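Because the structure is predicted, anything quoted here is derived from the model rather than measured.
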Amino acid sequence: MSGYIVDALEAFENVISSNTRVVIAGDFNNGPRWDLSGFHRNNFRLIQSELMKRGFSSAYHSAFSEEPGSEKLGTHFHQRNPQKSFHIDYIYSKGFRVAGVQLEEFTNWKEFSDHVRLAAELTD
């Protein structure tokens with residue numbers, strides 16, 4: 001497998017389609033700002049489209065009513081620099097309602113990682 005999220009979605013299609021509640025979360029190392037102008041299997045817009053086609057939604061984007069690529073809050077701070085923030089960590093779910101999302105403050109988290117903790121409360 002290539003390591004691309006789209007390829008993982010295809011490889012695990014039976015598991016995803018046979019379960020009504022699924023969570024896919026983690027560091028995607030990706031976002032719309034890095035989409036290439038031509039087609040590429042790792043373009044974020046393709047990833048987003050494939051997730052939505054399978055019934056997934058992003059907890060962060062649902063909670064904050066923001067579009068991918070327009071996030072006001074970063075999840076990764078390159079070289080632990082607060083001026084180099086990017087939103088590349090995601091929690092996608094299907095079959096859940098997003099009751100809340102918490103994103104740790106970089107100043108409270110920078111000694112532990114260049115990523116901040118992103119957590120979602122998912123309910124029925």
For the pair Y60 and T75, evaluate side-chain contact (heavy atoms from CB on, under 4.5 Å) and give the outcome as yes or no after the intermediate values. CA-CA 11 Å; Y60 173 92; T75 62; 5.9 Å; no
Residues in side-chain hydrogen bond (donor to acceptor under 3.5 Å, both in side chains) contact with E105, at least two apart in sequence or another chain: none
Contacts of K53 meeting salt bridge (charged side-chain N to carboxylate O under 4.0 Å, His left out) (sequence neighbours excluded), chain-then-number -> E50
Check whether I88 and F64 end up in the same hydrophobic cluster, where Ile, Leu, Val, Met, Phe, Trp and Tyr are linked by side-chain heavy atoms less than 4.5 Å apart. no
In chain order, what residues pass the side-chain contact (heavy atoms from CB on, under 4.5 Å) check against E111, with sequence neighbours excluded? none
Return the orientation label for the F28 and F44 ring planes: parallel under 30°, perpendicular over 60°, tilted otherwise. tilted
Determine which pairs satisfy side-chain hydrogen bond (donor to acceptor under 3.5 Å, both in side chains) with at least one residue from residues 23-32, sequence neighbours left out, and list them in order. D27-H115
side-chain contact (heavy atoms from CB on, under 4.5 Å) evaluation trace for F56 with I24: CA-CA 9 Å; F56 287 89; I24 298 174; 3.7 Å; yes
If I compare all heavy atoms of S57 with all of S62, which pair ends up nearest, and what's the gap? OG-OG, 4.0 Å
Please name all residues satisfying side-chain hydrogen bond (donor to acceptor under 3.5 Å, both in side chains) with E104, sequence neighbours left out, ordered by chain then number. R117
side-chain contact (heavy atoms from CB on, under 4.5 Å), that's the test. Do D114 and H76 meet it? Break it down for me. CA-CA 6 Å; D114 55 354; H76 170 70; 3.1 Å; yes
Restricting to side-chain contact (heavy atoms from CB on, under 4.5 Å), what partner residues turn up for F106, sequence neighbours left out? F77, R80, P82, K110, V116
For I91, check side-chain contact (heavy atoms from CB on, under 4.5 Å) against everything at least two apart and list the hits. V23, A25, A59, L118, A120
Side chains of H61 and E67, heavy atoms from C-beta outward: is any pair under 4.5 Å? no
Step by step, would you call F86 with W34 a side-chain contact (heavy atoms from CB on, under 4.5 Å)? CA-CA 11 Å; F86 303 99; W34 294 290; 3.5 Å; yes
Taking only residues two or more places apart in sequence or in another chain, which ones pass side-chain contact (heavy atoms from CB on, under 4.5 Å) with D124? R21
Determine all donor-acceptor pairs shorter than 3.5 Å in which one atom belongs to a side chain in residues 93-100; sequence neighbours excluded.
from, atom 1, to, atom 2, distance (Å)
K94, NZ, I16, O, 2.7
K94, NZ, N19, O, 2.9
R97, NH2, T123, OG1, 3.3

Salt bridge (Lys or Arg N to Asp or Glu O under 4.0 Å) partners of residues 33-47, not counting sequence neighbours, each pair once: D7-R41, E10-R41, D35-R45
Closest heavy-atom contact between A63 and V101? CB-CG2, 3.5 Å
Sorted by chain and residue number, the side-chain hydrogen bond (donor to acceptor under 3.5 Å, both in side chains) partners of Y90 (sequence neighbours excluded) come out as none
Side chains of E66 and H87: any donor to acceptor distance under 3.5 Å? no
Contacts of E13 meeting salt bridge (charged side-chain N to carboxylate O under 4.0 Å, His left out) (sequence neighbours excluded), chain-then-number -> R54
